[in-house]
Every structure is written in C-alpha cells, then in structure tokens.
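First up is the structure itself, then whatever we jot down about it.
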Amino acid sequence: MPELPEIETIRRGLEPILTGRRIDRVVVRERRLREPVIPVQLRRLVGSRFLSIRRRSKYLLLGTDTGSTLLIHLGMTGQLWVTEVDQPRRPHEHVVISLSDGRDLRFADSRRFGMLLVIQTGNIDQHPRLRNLGPEPLDGSLTGDRLFQSTRNRTRPVKNFLIDTRSVAGVGNIYACETLHRARIDPRLPVGRIGRIRWERLVQSLRTVLAEAIEAGGTTFRDYLKADGEVGLFAVALRVYNRAGKPCLRCAGTIRRITQAGRGTFFCPRCQR
DNA sequence: AAATGAACCTGTTTGC
DNA sequence: TGCAAACAGGTTCATT
C-alpha cells in the first residue's frame with residue numbers, strides 16, 4: 001500500500017541507480033492497467049537517458065533527456081525495482097525496461113491499479129493526472145492557514161478531506177489515520193469546525209508522521225531493491241492503523257474502527273476530539 | 001456545488 | 001474442512 005513515504009523511499013532508491021542510464025529496450029507483457037499501457041509510447045523512450053527522478057503526490061516522474069517523462073503510479077499493489085536481468089520473473093510482472101548498465105527496471109502489480117504513461121516534460125503540472133493535485137505536505141506550500149481558509153462552511157469529515165488528493169497530495173488511508181491520532185483530532189469532525197490552531201497542529205502532525213515514515217522506509221529500501229519487493233511499511237510504527245480493540249498508546253482509551261468513505265478509519269475516541 | 005458511493009482488480013482474511 | 005463473502009485501498013466517474 002504505497003503512500004507518499006513509500007513512494008519517496010522508492011524514489012530515493014531509484015535516483016542514483018537510474019540517473020544517467022540509457023533505456024535499451026522496453027517489454028510490455030500486460031497493458032490492462034488503470035489506464036491502458038501504450039507499448040508504442042513506451043518504446044519511443046528507447047535511446048533516451050534518465051535525467052531526473054522526481055515525485056509528485058504518489059506519482060513517480062522519470063524525466064529523460066529527450067523531452068519525455070515516464071509517469072508511474074503504483075496504485076495499491078504496484079512494485080518497481082531494479083534487478084539483474086537473469087533474475088526470474090515475479091508474479092504479475094507487466095513491464096520490463098532494460099537499462100544500459102545491464103540491469104532491468106521492472107514493474108509488477110497484481111491488482112493492476114497502477115499506471116505507466118509517457119508525457120511531454122514541458123508543463124507537466126498541467127497534465128490531467130497532475131493538474132488537480134493539492135499541495136505537497138513536505139514543502140512550504142502546505143500551511144495550516146491555507147487549509148483553514150479552504151474549508152470554511154464545508155462539512156466533510158476531516159478524514160475524508162485528508163485522503164482527497166485535491167486537498168493535500170499523497171496522503172492515503174493509513175497516514176491519514178496516523179496523522180489525526182497524533183493531532184488528537186476526531187476523524188469524523190467536519191472540516192468547517194476546525195479552527196486555525198488545530199489546522200496548524202494537523203499540518204505539523206502530518207509532516208512529522210510522513211517524515212518518520214520516510215526515515216523508517218529508508219532503512220529497508222535495500223531489501224526492497226534486492227528482490228523481495230517489500231516496501232518499508234512494516235518498519236513504520238503505526239499507532240492506530242489496524243489496531244481496533246487494542247489500547248491507545250497515548251491514553252487509557254481503546255482504538256475503534258469505523259468506516260468512512262468506504263474505508264476503514266482507526267481512532268481513539270478518548271483522546272481524539 | 002459538495003459529498004458520497006461504485007467501479008476497477010486480485011490476494012488475503014473472515015465467517016458460516 | 002471448504003467454500004464464499006468480505007475486505008484491503010488509490011483514483012476516477014457517476015449519483016444523490
């Protein structure tokens with residue numbers, strides 16, 4: 001379940017490996033992803049070199065020296081790793097990009113919610129998939145005041161607001177729960193009823209939670225690249241997610257699970273208000 | 001207009 | 001025990 005910290009961890013791992021490498025060959029075995037893969041589009045990348053490895057929200061943007069950017073989303077179950085060419089295929093290995101250093105960049109995705117598309121590097125931000133994304137939580141564009149301003153007279157539960165990529169980029173179900181627990185905010189609270197001070201606290205908590213997760217993810221990234229495909233998720237100490245019925249780690253409360261926007265929300269009714 | 005729910009998928013867990 | 005239903009969640013589209 002890759003959210004922003006997992007994608008950032010992958011980005012940091014890929015950056016030194018891919019930068020400067022040339023794309024020698026592209027093989028598409030399965031094109032039925034969230035958005036159909038267009039083999040012709042990907043094959044046009046052959047001969048280009050990777051220039052920059054960036055991230056926007058949960059998207060990876062692999063920029064090349066020929067004006068194209070390979071946009072990759074891992075959906076729910078996507079995996080992206082570099083491996084020796086003689087390594088056996090993993091299940092659901094849909095795309096293989098052969099690199100000039102003799103290795104492969106491989107993409108696997110059992111549920112096929114992922115995406116690989118090629119776009120022109122100029123005005124990337126205007127691409128339909130990126131155009132409506134909210135501010136990046138880890139740079140200065142996200143402030144408590146901005147969220148306060150944008151939520152006056154709104155009634156959505158704050159949890160639903162947080163996982164909407166138009167509000168804030170890159171926050172998924174797990175880290176939304178963790179952030180709200182840290183900020184001591186009830187996930188059901190309508191956003192319009194949250195004041196400036198609490199928005200500031202929420203943003204602060206979000207940054208802390210994401211930064212800690214990236215830190216933890218970084219420690220397991222080498223394992224991920226080696227072969228086993230594990231994202232560093234299990235190295236992250238989750239305080240509420242998936243802990244229904246267990247004691248709150250901060251107060252005497254018991255973690256509860258409810259459903260919001262069709263997804264599980266975990267929170268402590270005692271210290272989240 | 002805003003908010004919610006369904007749909008897309010398959011692997012895993014839960015319940016009868 | 002075995003099978004089926006429920007669940008997991010990122011994003012987009014449809015509906016209320």
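Taking the side chain of A/R257 as heavy atoms from C-beta on, and the options B/dA3, C/dC7, C/dG10, the nearest nucleotide is C/dC7. Across C/dT11, B/dA3, C/dG10, the shortest atom-to-atom separation from the side chain of A/R156 is found for B/dA3. With B/dA3, C/dC7, B/dG11 as the choices, the nucleotide that has an atom nearest any side-chain atom of A/H92 turns out to be B/dG11. Closest approach to the A/N160 side chain among B/dT4, C/dG10, C/dT12 is made by B/dT4 (side chain taken as heavy atoms from C-beta onward). Side chain of A/S110, nearest nucleotide from C/dT11, B/dG11, C/dG10: B/dG11.
Side-chain N or O atoms of A/E35 include none that pairs as donor or acceptor with a backbone N or O of A/L117 at under 3.5 Å. When atom types are taken as modelled, the side chain of A/R250 and the backbone of A/H181 share a donor-acceptor pair closer than 3.5 angstrom.
The aromatic rings of A/Y59 and A/H73 lie perpendicular to each other, with more than 60° between the two planes, well past the 30° mark.
Taking atom CZ of residue A/F266 and atom P of nucleotide C/dA8, one finds them 6 Å apart after rounding to whole Å. Distance CE (A/M76) to P (C/dC7): 15 Å, rounded to an integer number of Å. For A/M115 and C/dG10, the CE to P distance is 13 Å, given to the nearest whole Å. Between the P atom of C/dT11 and the CG atom of A/L130 lies a distance of 11 Å, rounded to the nearest Å. Look at CG on A/D109: it is 9 Å from C1' on B/dC9, rounded to the nearest Å. In this entry the distance linking CG of A/D164 with P of B/dA3 reads 10 Å, nearest Å. When the P atom of B/dC9 is taken as reference, atom CD of A/E30 falls 10 Å away, rounded to whole Å. In this structure, CG of A/L74 is placed 18 Å from P of B/dC9, rounded to the nearest angstrom.
At a threshold of 4.0 angstrom between heavy atoms, the contacts of A/P128 with the nucleic acid are absent. Across all strands, A/G264 comes closer than 4.0 Å only to sugar-phosphate atoms, never to a base (heavy-atom distances).
The phosphate of B/dT10 (OP1 or OP2) has a side-chain N or O of A/R112 nearer than 4.0 angstrom. A sub-4.0 Å separation between OP1 or OP2 of C/dT11 and a side-chain N or O of A/H73 is present. A/T77 has no side-chain polar atom (N or O) that falls below the 4.0 Å cut-off from OP1 or OP2 of B/dG11. For B/dG5, neither phosphate oxygen OP1 nor OP2 lies less than 4.0 angstrom from any side-chain nitrogen or oxygen of A/R263.
Residue order along DNA chain B, read from the 5' end via each residue's closest nucleotide, puts A/R154 first among A/R154 and A/A261. In this structure, A/G262 and A/R34 both approach DNA chain B, and ranking their closest nucleotides by distance from the 5' end singles out A/G262.
Under the stacking definition used here (centres under 5.5 Å, planes under 30°), the residue A/F113 fails to qualify as stacked on the base of C/dT11.
Look at A/R11 and A/E15 and you find a salt bridge, because one of the NZ, NE, NH1 or NH2 atoms lies within 4.0 Å of a carboxylate O, short of that distance.
Side-chain atoms of A/S141 and A/D139 include a donor-acceptor pair closer than 3.5 Å.
If you take atom P in B/dC9 and the same atom in C/dA14, they sit 16 Å apart, rounded to whole Å. The same atom, P, is picked in B/dG11 and in C/dT12; the two are 24 Å apart, to the nearest Å.
A single hydrophobic cluster is seen to contain both A/L202 and A/L189, as judged by linkage of ILVMFWY side chains at heavy-atom distances under 4.5 Å, directly or through other members.
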